[in-house]
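What follows is a short report on a single structure.
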Amino acid sequence: MSDKIGVFVCYCGGNISDFVDVEKVKDTISGEEGVAFAKTNMFTCSDSAQTEMINAIKEKNLDGIVIASCSPKLHLKTFQNMAQRAGLNPYQYTQVNIREQCSWAHTHNKEAATEKAIDLVRAGIAKTRNSIPLNPLRVNTVNQALIIGGGISGLRCALALSEMGIFAHVVEKESKIGGNLNDIGIIFPDHKNGYELIEELEKDIKKRANINIYTNAKLIKKQGSVGNFECDIVSGNEKLTLNVGSIILTTGFKPYTPEPNELGYGHPNVITLVDFKKLLSNNSKKGELIFNGQRVREITYVYCVGSRESTKEDGNKYCSRYCCSAANYTSLLAFDIDPKLKQYHIYRDIRTYGKYEEYYEENLRRGALFFKYDEENPPDISSKGERIKILVKDRLIAKDDILIPCDLLVLVNGMVANENAELNNILKTPIGKDKFYNEIHPKLRPVETVIDGIFIAGTSQGPKNISESVTSSMAAASKTASLLIKGYVNIEPTIAHVIEEKCTGCKLCEHSCPYEAISFVNKTDKVIADINPAICKGCGGCVPDCPEDALEVLGYTHSQINSMIDSMLLEAKEC
Amino acid sequence: MLKKFIRPPLQVIKNEMYFHEKIASLLKNEPKTIPELSQELNVPSYEVTMHLMAMRRYNLVEELPKKRRDDYYKYALKEK
Amino acid sequence: MSDYKKFDALVVGGGIAGMESSILLGDMGFKVLLVEKESSIGGKMILLSKVFPTLDCSSCISTPKMAATAAHNNITVLNYSEVEEIKKKEDSFTAKILKKASFVDPAKCTGCGQCELACTVPLLDQFNCDLIPRRAAYIAFPQAVPKKAVIEKFGTSPCTFVCPVGIKAHGLVSLSRSGKFEEAYLLYLEDSPMVGTLSRICSAPCEKRCTRNQLEGSIPIRNIKRYIADKHFESFPTPQKKEPKNILDKKIAIVGSGPSGLSAAYYLAKKGYKVTIFESSDKLGGKLQLIPEYLLPKNLLDRDIEEITSYQNIEVKLNTTVSSLGKLKEDGFEAVLLSTGTCHDKGEYPDVLKQKNVIDAISFLQNKESYEALSSKNVVVFGGNNIAMHCARVALRHKANVSIHFEKDRIDMSASKKEIDDAVNEGAKLVLNSQLDKLENADFIIYSIDPKPDLSLLKGSELESSSLKVNEFQQTQIPWIFACGDVTSGHSNILKAISTSKKAAFYVDLFLNNIDLHSEKFDDRLPAVKPNEIKERYNSSFPKHMQFLPHLRADKLSLEEIEQTISEEEIKKYATGCLDCGGCSECHQCVNICPANAIDFSIRPVNYEVEVDTVIVSTGFKLFDASKKEIFGFGRFPNVIDAMQMDRILAPTRPYNAVIRPSDGKVPSNIAMILCVGSRDKKVNNNICSRVCCMYSLKQAQLIMGALPVADLTIYYIDIRAFGKGYEEFYHQAKEMGIRFVKGKVARIEEDEESNLNLFYEDIEEDGQVKIANHDMVILSVGLLSNTSAFEPFKDLKLDSDEHMFVKEVDENIEPAKTSIDGIFVAGTSTAIKDIPDSVLHAGAAAAQAAGYISKKRRGL
């Protein structure tokens, strides 16, 4: 219970104060029961404001605080840490969202928005009044990690973990490691062959005692929570149980396969970029590019195949990022084989970002021609025997038609997420609209998922090239290390709680828990429900299922929620 | 081709304090827009913007709410 | 920073990549030292408005990272510091770090911002991209971590530095510029008394050193001082009685009340000592009393002297000649300051002058009754010092025919050039190489030689000798006897008198407190700013200013003061010419106003040397300077701004009150954005793509459409590179908001009379024609370039760069963040331009590399 509450209302640099009268909110609620101190701040999250709050808590002996600012998604942890530094139990601090849930939603009615903000803050104060100190659970962590996917991201991640002293298990579903890199052909920027990179990594892995690689393997069961997962894998005919502290998903991508007749796909002289690269690296004749026994003299590339499909129903709306650079580099490789080649690029935007711009420049220098088309008017592909004819409305000549003949049509296909249906079912990993794995926050937490301890890296998170995949997998390794090296993690105490006197042991809640955290035990003279704190996620799904109201979530107890409702409807009550 | 040159910002701000008083005295009676101030002070309006925004930064003036159709904000002295 | 000089990792640069790698390494248990050159961490990200593609408020997502970094137990943040050198030492590295002097004690500063409001020196605000000014004392921005003020001072301004008395000339000018004349008077008194007198007769070495001398002429500092003094004396015709808070129970005797004696009394009385001035004549002031009225009005001198004697702990004993130094000691004086000045011994005159119509110059100036007799007489003034010039000019004013004779050439005359010129201009004839015995036709001869030090007091004491010698502490051979002024140096000037007395007072104070005189330095000022530095700051283009025109009395030969005080308006105008050479002017307004007494001008830069196992370079990027693309008119047309400036205008802590255009504050209704300015452009030596500009332009476009719903916005592009996760969708969102996309490069921009801009572009998609579009504001999406200062600390070690001057990653596919030096890693945009999510990932990779490296080292491999 808190009866000396400090309330801090934020201007958020105008994001709130432009639409809500922050001073009025502060003045109105300072008279609320239990409020000992109220103040406004320009940026409550700033270092100086935090220092001020710490001083206020210490000097005025506050035993609860309410911060009315932005969404808890942003600063909940920050302010909990701040409360802790001030000596206040972080669970006697309540975050009230008067930005996303008030000021940003009601930009045209300042008066009403202010009234709503007052109601929300009052509810927060009521919740804090009924709060009790909670302490996080400490769970010992295992200094091992499970990496699912043995492509370049997975392998490099394993090496990084091993270097930092963490045992890495790599589970690969195919019979050999290397993933897409095994037959990708020559890659930029070093002109090496993809499998050479895998061989380098393999050599290093063999030297190490703390990396285990399982091929023909997959995950079949997962139990436990962050820091201490129990994972059952089957590798060939063996079944093992691995005890790991975190799971890193590096399941990679698969190249988009065009539909039959999509841009002429199906015709023997229409191939994808991926297949074209294999062709180039296997080409043995010097000075000539041979395809199906014939010399190729004219090549056309059509970009954005299977990507940026905004008009297609259920299409891939995203950009596959690496293909423009890859196509331009491949075109240079083709020129290296036969400088007399005629190459035509039919594109929507040339996205050779950063240094890769130089591949585009070099192509122009060597005589490749570029034609721009837009999505509404894709090129028209027809064929005459082995010759392909492409009709494109070139935007650079005022959308006039231009006919481009060629011997080989290369469809620059994008990346598509691997389905991993079984895996996703076991791990319940969040998936985005683009079907790749979803990270918590694209800017600041690009390798973490909402499930503590499960990280995503490489192309499983989104299309990227090799260097970017390796970078992200090493970032995942860093995050894992920062989690596990301490030897323990603190688990949130906001978990379900059984009110023993009320529980009748009816077992109606048993199937409401998606994490199987509820079991039943004997207590004195009856059987009651029991929650496993390490597994319970505090989702609250079991709470409404109980007919006796014997289940509540700590930090969101019945008394807290009821008091919040009462205070929000204060005006209505008085009417 | 018109080849106009504006004074670099570093030179303009050397006059800042000198213009604070002048702008304050012009705004004492009624709020004004930047072009109005520029005309009365006979100083390029680009420089007036710099001086006025500095005064706003240091809480000496504030802008008044404007109607949607107005192109310019009016600025007034801030009450202490 | 504590004495703990060993860290596991050194992270150079506190932007988002630096903070991310620090936090990761800190969480892993490593001790990290994060060095940031600005006063706050946060890098470029904290200055942005919103970030793509989520349109999160940038401050909202960076401030928790900044707070987490600052509060982390394993991270030490060294702000306002630069890494000067990194060397290899066996199997680790040593780094030399310079913490710049901020002149603010961070332990006491609360970040209240009062100092910034009181500061009188405007400088450009780099955090607002030079759109508005800030002050020399400033807090970086409202969300700064740590939120402490710093004072930017490049060195001592030349005018302040050259003043022998240590008066803060720059401070006086900057205060006058702000109209704070009373404060200027008080600032002056901190360093020297006699404001009025010096404002008339000081030779103004400050003016000779003023940087404006290279242009149209120096700032008239002495005339500004005149106004300050006159204004103060007008408001306060008599000074208030002053009583220092702690009066010390020590007595000091000062013998002689010329300018050096009076100043010494002033300095010592201010410190709280009980001072007694012994003056043999009936007036205080010494030789100052001799200066004629037309230079120094008597009432001014009297008022200056009153200012000093208003100290209640000064006792004045007129008509008292001190005969014995020993007696002073017996009377309880613990220290004695000799400032008896000079006197003349008529016995030293050449025989030829022992005639009746020869007067010595000093008696002449003292004896005003004799002046009437000079009318229409031929007066010869023999001598070449200032006293001679005074005599000549007094005689002229009493209608005499005056000629000045000197035995050698003009260049040997010790009088100041101005005095000689003025005398000649007023009608005196100058006769050089003249001989005394060949004088003819002279009714009166005024003979002026340099008076010699008055050592009559020393007769009988241990100090008797032909000249008084003092050491560098102004101390004689007898420890409790000090001396200052002309008595030690011979006939000189008032500045030397006051400066030696200030020094003497300083050391008397140390002596009386039994502190070793060698232990404290009298002049501990920062070195003067060099003219080259000032030139660089102004980009070699200094502002034009008006030349100083003194106000002089029309009737030159009147007995009253020649020079007149100029008006307040003119003073302020002249003062605006000040270039603020040293940055902070030391006007002490911040010191006076700081509620926490946090400002300390004795703080000096500190050098740290630390030992670290690994280094992560995360120094970030630089923006392309759009003025290099002259065709776009950046820097010439006020309504052509670059993207960083636009982001600032959109940010919550914006420089303007809303989205308005810089030329006249109009709300723009037709805005253009030009992509690829400075990127993909061989002419400016940057042929690669800067990766983020397409996206940030789309972001800004959406924010502008949100802020100005009725505005039209056009983006002129080559390609739209929206390649990342959620970026293509973001591009669609922008198209749906009604933003117009035109594929075509802009050839040039011209300005019309209303400061609107005409863009000449090639409309590739429509019909390929060259068209002209009129817009009221243009935003240049500038490219991002490498920050080459990343290489500076690596003097002996060779840190490889790539062709575009970024830090080279040796194998970007397998070993991201690894540089050519083993153990040194790179994070973020230091190695290649990237957006924020990629920087965060790259920082994670760098942390993994660093952690792996350290772990490997510890395992002994």
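First the proteins, then the strands, lettered A, B, ... as listed; each starts at 1.
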Next item on the list: Taking C:Arg721 for its side chain and A:Ile350 for its backbone only, find out whether a donor-acceptor pair lies under 3.5 Å.
Entry: yes
Ranked by heavy-atom pairs below 4.5 Å to chain A, first place among C:Met66, C:Glu809, C:Lys834, C:Gln849 goes to C:Gln849
Applying a strict 4.5 Å limit to non-hydrogen atoms, the region of A:Tyr322 in contact with chain C is neither
Scored by heavy-atom pairs under 4.5 Å with chain A, the best of C:Thr54, C:Ile688, C:Val840 is C:Ile688
On the 0 to 90° scale, with breaks at 30° and 60°, tag the A:Tyr353-A:Tyr356 ring pair as parallel, tilted or perpendicular. perpendicular
Test side-chain hydrogen bond (donor to acceptor under 3.5 Å, both in side chains), reference A:Lys355, set C:Glu812, C:His804, C:Glu803, output is C:Glu812
Highest number of heavy-atom pairs under 4.5 Å with chain A among C:Lys65, C:Arg654, C:Glu815, C:Lys148 belongs to C:Glu815
Within the distance-only criterion (no hydrogens, no angle test), does the side chain of C:Ser21 pair as donor or acceptor with the backbone N or O of C:Ala17 below 3.5 angstrom? yes
Cut-off 4.5 Å, heavy atoms of chain C, and the answer for A:Ile187 is side chain
The interface call for A:Glu163 against chain C, heavy-atom contacts under 4.5 Å, is both
Okay, A:Ser478 and chain C: the region with an atom under 4.5 Å from a heavy atom over there is both
Most heavy-atom pairs under 4.5 Å with chain C, out of A:Met42, A:His441, A:Lys77, belong to A:His441
Okay, C:Ala851 and chain A: the region with an atom under 4.5 Å from a heavy atom over there is both
So, the part of A:Tyr318 with a heavy atom under 4.5 Å from chain C: the answer is both
The interface call for A:Leu483 against chain C, heavy-atom contacts under 4.5 Å, is neither
Check: Is there a side-chain contact (heavy atoms from CB on, under 4.5 Å) between C:Arg691 and C:Phe723 once you walk through the steps?
Finding: CA-CA 9 Å; C:Arg691 263 172 90 139; C:Phe723 51 82; 4.1 Å; yes
When the 4.5 angstrom heavy-atom criterion is applied to A:Phe79 and chain C, the contacting part is neither
Bottom line for A:Lys192: the part with an atom under 4.5 Å from chain C's heavy atoms is side chain
Salt bridge flag under 4.0 Å for residues A:Asp434 and A:Arg321: no
Heaviest contributor of heavy-atom pairs below 4.5 Å to chain A, chosen from C:Pro837, C:Ser855, C:Pro652, is C:Pro837
Interface check, chain A: of C:Ile833, C:Val51, C:Thr653, C:Asp835, most non-hydrogen pairs under 4.5 Å belong to C:Val51
Practice prompt. Check for a donor-acceptor pair, side chain of A:Ser469 on one end and backbone N or O of A:Ser153 on the other, with a separation under 3.5 Å.
Written response: no
One option among C:Ile16, C:Thr110, C:Ile720, C:Asp27 has the most heavy-atom pairs under 4.5 Å with chain A, and it is C:Ile720
Determine whether the side chains of A:Ser320 and A:Arg308 contain a donor N or O and an acceptor N or O closer than 3.5 Å.
-> no
C:Asp8/C:Lys857 ion pair, N-O < 4.0 Å: no
When the 4.5 angstrom heavy-atom criterion is applied to A:Asn55 and chain C, the contacting part is neither
One option among A:Glu358, A:Met82, A:Lys317 has the most heavy-atom pairs under 4.5 Å with chain C, and it is A:Glu358
Cut-off 4.5 Å, heavy atoms of chain C, and the answer for A:Arg85 is side chain
Are C:Lys725 and A:Glu439 close enough for a salt bridge, meaning some N to O gap below 4.0 Å? yes
By residue number, those in residues 458-466 of chain A with heavy atoms under 4.5 Å from heavy atoms of chain C are A:Gln461, A:Ile466
When the 4.5 angstrom heavy-atom criterion is applied to A:Ser69 and chain C, the contacting part is neither
Can you check whether A:Pro189 reaches C:Asn813 side chain to side chain, under 4.5 Å on heavy atoms? yes
Cation-pi check for A:Phe370 against A:Lys372: NZ or CZ below 6.0 Å from the six-membered ring centre and within 45 degrees of the axis, yes or no?
no
Here the gap from C:Lys808 atom NZ to C:Asp811 atom CG, rounded to the nearest 0.5 Å, amounts to 10.5 Å
Are A:Phe43 and C:Phe141 near enough that their ring centres are under 6.0 Å apart?
no
Cut-off 4.5 Å, heavy atoms of chain C, and the answer for A:Lys486 is side chain
When the 4.5 angstrom heavy-atom criterion is applied to A:Leu201 and chain C, the contacting part is side chain
